[in-house]
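Below is one structure, written out as structure tokens; comments come after it.
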Amino acid sequence: MNEQQLIGSIVALLGGLAWYHRRWLLEQTPKGRRLVEWCGLDRARWVFGALVATIVVFGVLLACNVIRPRGG
């Protein structure tokens, strides 16, 4: 496993953990509460879910070597 695969796997895993704890994150964190204030609870859940899904997809694509960052 190279560094890119490791980072992609960790990003996808952290996104999955955020999805699992989405209710707590929306209710107990200042940014989650602010998102709920701005959008309402139902829309905040949708926005948060879309953001987390994007993060998970990015992590998986990075781990599968579909996204290749430029190396130094």
Side-chain angles (χ1 to χ4, degrees):
M1 177 179 282
N2 64 24
E3 183 179 354
Q4 179 179 331
Q5 292 171 328
L6 177 64
I7 292 171
S9 299
I10 290 171
V11 167
L13 178 67
L14 290 175
L17 285 172
W19 174 259
Y20 183 75
H21 293 290
R22 67 190 176 275
R23 183 176 179 181
W24 183 87
L25 288 168
L26 288 173
E27 292 175 356
Q28 301 298 323
T29 63
K31 290 182 181 179
R33 288 191 301 261
R34 190 176 311 136
L35 182 63
V36 171
E37 287 175 14
W38 287 344
C39 303
L41 183 59
D42 290 334
R43 177 159 262 169
R45 286 180 183 161
W46 186 88
V47 169
F48 186 78
L51 177 65
V52 169
T54 302
I55 291 169
V56 169
V57 168
F58 174 78
V60 169
L61 291 175
L62 187 63
C64 292
N65 205 26
V66 173
I67 297 175
R68 295 184 205 127
R70 288 185 173 182

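One is the number of the first residue; the rest follow in order along the sequence.
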Please check this pair: side chain of Arg34 against backbone of Lys31, looking for a donor-acceptor N/O pair closer than 3.5 Å.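 Side chain of Arg34 to backbone of Lys31, a donor-acceptor pair under 3.5 Å: no, none is there.
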
Can any side-chain N or O of Arg33 pair as donor or acceptor with the backbone N or O of Gln28 at less than 3.5 Å?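 At least one qualifying donor-acceptor pair exists.
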
Going hydrophobic residue to hydrophobic residue with side-chain gaps under 4.5 angstrom, can you get from [X] over to [Y]?
| X | Y | value |
| --- | --- | --- |
| Leu62 | Val56 | no |
| Phe48 | Leu14 | no |
| Leu25 | Leu51 | no |
| Val60 | Leu13 | no |
| Tyr20 | Trp24 | no |

Might you point out which heavy atoms bring [X] and [Y] nearest each other, and give the distance in Å?
| X | Y | value |
| --- | --- | --- |
| Gly15 | Ile55 | CA-CG2, 4.3 Å |
| Ala63 | Gln5 | O-CG, 3.2 Å |
| Cys39 | Ala44 | CB-N, 3.9 Å |

To the closest 0.5 Å, what do you measure between [atom1] ([X]) and [atom2] ([Y])?
| X | Y | atom1 | atom2 | answer |
| --- | --- | --- | --- | --- |
| Ile7 | Gln4 | CD1 | CD | 8.0 Å |
| Ile10 | Leu17 | CD1 | CG | 11.5 Å |
| Leu35 | Leu41 | CG | CG | 9.5 Å |

